[in-house]
Amino acid sequence: MKSFKSLKSFVALSMLAVPLSAFPAVVTAEGTGAHQLQLQKNSAVMIHNGEQVQAAQPIIFKDGASFAPLTGFAKVFGYKTSYIPETKESIATNGEIEYRFVPGSAVIKVNGEEVTSSGPVHILNGSLMVPIRTWSQLSGATLSLVGGDMVLKWEDAEEATAEFEVQPSRIYAGETTVSYIDKATHPKGLTFIDELWQGREDVFMTPGEYTITRTLMDEEGVWTEPYSVTIKVELPNQPPVADFTTDKTEYRMGEKINYTDTSTDDNDDIVDAKWTNQKNAFFEAGTHPVTLEVKDGEGLTNSITKYITVTNEVLYTREEFGRIYTQPGDLYDTTGSAVLDYRSLDFTPIDQPAQMIRSNSPETLTEPGVVYDDLVRGDTRFLIYNDNGAQRNFKIYVLATNNNSSKVDIDITAYGKGGPHQYSTNAGKMSTLRYLNSFADPNSYGSLTLAPGETKVVLPEMSDISIKPAQVFSSYFDVSHTANVRYRVVVVEEKDDPIQTLPMLRNLPVDNKHTRGTFTAADRVIELNQLLGADESRLVIGDGKIDNYLYGIDAMTGNLMLNIGNFGVIYKLVLPRVAPNTVIGLNARGGHYTGGFIVNGEMVEVTKYSILKDSNQVGVLHRTGNTEEKVEILFTLASGSNLPINMVFLPIPAERP
């Protein structure tokens, strides 16, 4: 053990065998590693710090001395044992001290120096037995008798250390000022009065690996062992290098361009790439600049501009290119006026008896109140869409009241919320996407039970975020129950409890611009059995003429209401025959449009990265392959977008070499 370092002084003494008892016991530094080993005569169980340790042989008494197996001591004191057959020596070492024993001999070699034991060691059943007193003297442990048991006590020696830490963790050549954090310790609490450094620099000027070593001297003149830290000094962070290639050096008008980003960074840490004028194809002859700017993790940027050469030869027109290459969820530019020349598709919708409540008037909220109130039973869809026109925060709640004499169970089978958001299109889009996606996970939005006369909040999570001034909120949800339930859509101050505040709320009047009411034929099936895609055709949705609006009742006034825009209606478009190589797209006719469509069970956003700004764009919903297909499209028109829209069916041109 480290505590036996004082035995190294034996080297200067006589080479003659010296009695071990002639040397003072090793004195160890005070530390936290206190140990106790309890030995009992005729027992092979040793108790080390309260835990049993099984020795190879029991403790025996022979020739006036007590013996224990060397391997038992070694296990507890942290030594490794070995045996040399040629010399018949048993060895115990901890890396710093080595003991060598020979059976029948009282002479022990300690790091090569001979000392005399209190008695000879011997072999018992294959184990080397060592006098317990001899081991206590070798190890520096105190030996005492406690109630007939032999007890060895010792402490792990502690050494002073010159430990330190280098900061920061990343060091750049010629730039980083290095700090050295002192973490040296001294077991006696002595002060270090001198130090030696090797390799220390405040600023390392060249990159590479450096080893820094420190040695300390305490006030007693004793030096610590050297302590070393190896650091890596890196080149200073360099800006990334922007670069890209294209698959050709020259293109025809309408020919697809494939770009490959070949940018590099010294730390392989490019976190952003921004393209300017990166077009999939150009439709004007000449040279067109394309710029790529890249940024690394530390904010350094670099850009490059290259020029794309386009000849006078035309491969595809803009429209042809868009139909060939645009994937579902993306858009391409078209000529809006030309869309009106496509063949208009006639249809007779089949309205199914689905109940829907639309609460959208007044659309702009300026005060607390009841926005809508009706008593309904059965499956019901809710559409709520409002913006905050006040100068304070509001919350919108839906309250359900049971006026029956028995309890009512309400299941919530679909739900989607958008906002609050500053942009109406975003709020409308996200509520539509989430609501339609919830169809794939029915009966997963909870339920509530109303006792007779009880009122509860429906979907409290719908109202968890306040609507700030100028923000828009949109939500859809479906409920199912068999008894009559009174529903009230209320707006309150953000800190008010809606149920406690309800008796003080007045009914808010309609704004005569938007729609509120209860409608009873809110699922619409459109089936087109003709072949679609053989020519250019369009299906008009949400115009109030070809696609007529629903009539309903404003339950708060009893007035007949027209569901302008058919918002809240679920459309199911059944297309049994769509020609091979056909694009099904969306063309907005009333202004901007965005939302979601479930096409053959898969959600398609319109569009993934943008919106349809006007009639001069087509958002692609589906592309057929080389065979005729059946396509089904499920959607509801997104609040916050403009109507009407045209669903277009377009033949894809054959690719040209």
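Along the sequence shown, residues are numbered consecutively beginning with 1.
The backbone N or O of K417 lies less than 3.5 Å from a partner atom in the side chain of R434, making a donor-acceptor pair. The main-chain N or O of P289 is found under 3.5 Å from a side-chain atom of N277 such that the two form a donor-acceptor pair. In this structure, D194 contributes its side chain and M217 its backbone to no donor-acceptor pair below 3.5 Å. Between the side chain of H592 and the backbone N or O of G640 there is at least one donor-acceptor pair closer than 3.5 Å. No donor-acceptor distance shorter than 3.5 angstrom exists from the side chain of N267 to the backbone of D269, with no hydrogens or angles considered. Put simply, the side chain of S641 gets close to the backbone of T594: a donor and an acceptor are under 3.5 Å apart. Looking only at distances, no side-chain donor or acceptor of T134 sits under 3.5 Å from a matching main-chain atom of S117. Between the side chain of R214 and the backbone N or O of A162 there is at least one donor-acceptor pair closer than 3.5 Å. In this structure, D330 contributes its side chain and T326 its backbone to no donor-acceptor pair below 3.5 Å. Looking at Q238, its side chain does come within 3.5 Å of a backbone N or O of P236 through a donor-acceptor pair.
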Practice task
Show your working on side-chain contact (heavy atoms from CB on, under 4.5 Å) between Y593 and T607 and close with a plain yes or no.
Solution key: CA-CA 9 Å; Y593 189 90; T607 63; over 6 Å; no
Practice task
Take F101 and V107, measure what side-chain contact (heavy atoms from CB on, under 4.5 Å) needs, and give me the verdict at the end.
Solution key: CA-CA 7 Å; F101 305 87; V107 175; over 6 Å; no
Practice task
Begin from the C-alpha positions of T230 and T211 and carry the test side-chain hydrogen bond (donor to acceptor under 3.5 Å, both in side chains) through to its verdict.
Solution key: CA-CA 4 Å; T230 299; T211 298; 3.1 Å; yes
Practice task
May I have the step-by-step check of salt bridge (Lys or Arg N to Asp or Glu O under 4.0 Å) for K468 and E494, ending in yes or no?
Solution key: CA-CA 9 Å; K468 298 178 180 178; E494 65 175 335; over 6 Å; no
Handout entry: Pair R318-E320, salt bridge (Lys or Arg N to Asp or Glu O under 4.0 Å): steps then yes or no
Key = CA-CA 6 Å; R318 191 184 303 272; E320 290 172 331; over 6 Å; no
Exercise for the section: For the pair Y172 and L235, evaluate side-chain contact (heavy atoms from CB on, under 4.5 Å) and give the outcome as yes or no after the intermediate values. Expected result: CA-CA 5 Å; Y172 295 105; L235 281 170; over 6 Å; no
Handout entry: Verdict with supporting geometry, K183 and E165, salt bridge (Lys or Arg N to Asp or Glu O under 4.0 Å)
Key = CA-CA 7 Å; K183 292 193 172 183; E165 181 181 332; 2.6 Å; yes
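A cation-pi contact, defined as under 6.0 Å to the ring centre and within 45° of the axis, links K256 to Y325. The cationic atom of R200 (NZ for Lys, CZ for Arg) lies less than 6.0 Å from the six-membered ring centre of Y180 and within 45° of the ring axis. Cation-pi geometry between K306 and F244 is met: under 6.0 angstrom from the ring centre, within 45 degrees of the axis.
Counting non-hydrogen atoms of neighbouring residues, nucleotides and ligands closer than 6.0 angstrom, the CG atom of N258 exceeds 12 such neighbours. Few gaps surround NZ on K248; more than 12 heavy atoms of other groups in view lie less than 6.0 Å from it. The 12-atom threshold is not exceeded at CD of Q391, counting heavy atoms of other residues, nucleotides or ligands nearer than 6.0 Å. A 6.0 Å sphere centred on NZ of K295 holds no more than 12 heavy atoms belonging to other residues, nucleotides or ligands. The environment of NZ in K613 is sparse: at most 12 heavy-atom neighbours from other residues, nucleotides or ligands sit within 6.0 Å. Heavy atoms of other residues, nucleotides or ligands lying less than 6.0 angstrom from CD of Q327 number more than 12.
Among all heavy-atom pairs drawn from V604 and V620, the shortest one is CG1-O, 3.9 Å. Here the shortest heavy-atom pairing between E219 and L190 reads OE2-CA, 3.5 Å. Closest non-hydrogen pair, P207 versus E234, comes out as CB-C, 4.1 Å. The nearest pair of heavy atoms linking S263 to A242 is OG-CA, 3.4 Å. Contact record, P69 with A56: CG-N, 4.2 Å, taken as the closest heavy-atom pair. Across all non-hydrogen atoms, the minimal contact from F283 to G254 is CE2-CA, 3.4 Å.
Taking the six-membered ring wherever Trp is involved, the centroid distance between the rings of F164 and Y227 falls below 6.0 Å. Checked against the 6.0 Å centroid criterion, the rings of Y99 and Y79 qualify as a close aromatic pair.
By the 30° and 60° cut-offs, the orientation of the rings of W154 relative to F77 is parallel. Using a 30° and 60° split on the angle between ring planes, Y445 and Y415 fall in the perpendicular class, above 60°.
Taken to the nearest 0.5 Å, the CD atom of E250 stands 9.5 Å off from the CD atom of E313. Rounded to the nearest 0.5 Å, atoms CG (L586) and CD (Q617) are 11.0 Å apart. With rounding to the nearest 0.5 angstrom, the CG atom of L216 is 4.5 Å from the OG1 atom of T224.
With H186 as the fixed residue, the side-chain hydrogen bond (donor to acceptor under 3.5 Å, both in side chains) test singles out one of T161, D218, T191: D218. Partner of V121 under the side-chain contact (heavy atoms from CB on, under 4.5 Å) criterion, out of S105, S90, P131: P131 alone. Here the options are T311, I257, T309, the test is side-chain contact (heavy atoms from CB on, under 4.5 Å), and the partner is Y251; only I257 passes.
Salt bridge annotation for E293-K274: absent, with no cationic side-chain nitrogen under 4.0 angstrom from a carboxylate oxygen.
Side-chain atoms of T87 and Y83 include no donor-acceptor pair closer than 3.5 Å. Judged by distance alone, the side chains of Q36 and Q38 never bring a donor and an acceptor atom under 3.5 Å apart. There is a side-chain donor-acceptor pair under 3.5 Å between D296 and N237. With 3.5 Å as the limit, one finds a donor-acceptor pair spanning the side chains of W197 and E195.
Counting heavy atoms from C-beta outward, P168 and T176 have side chains that approach closer than 4.5 Å.
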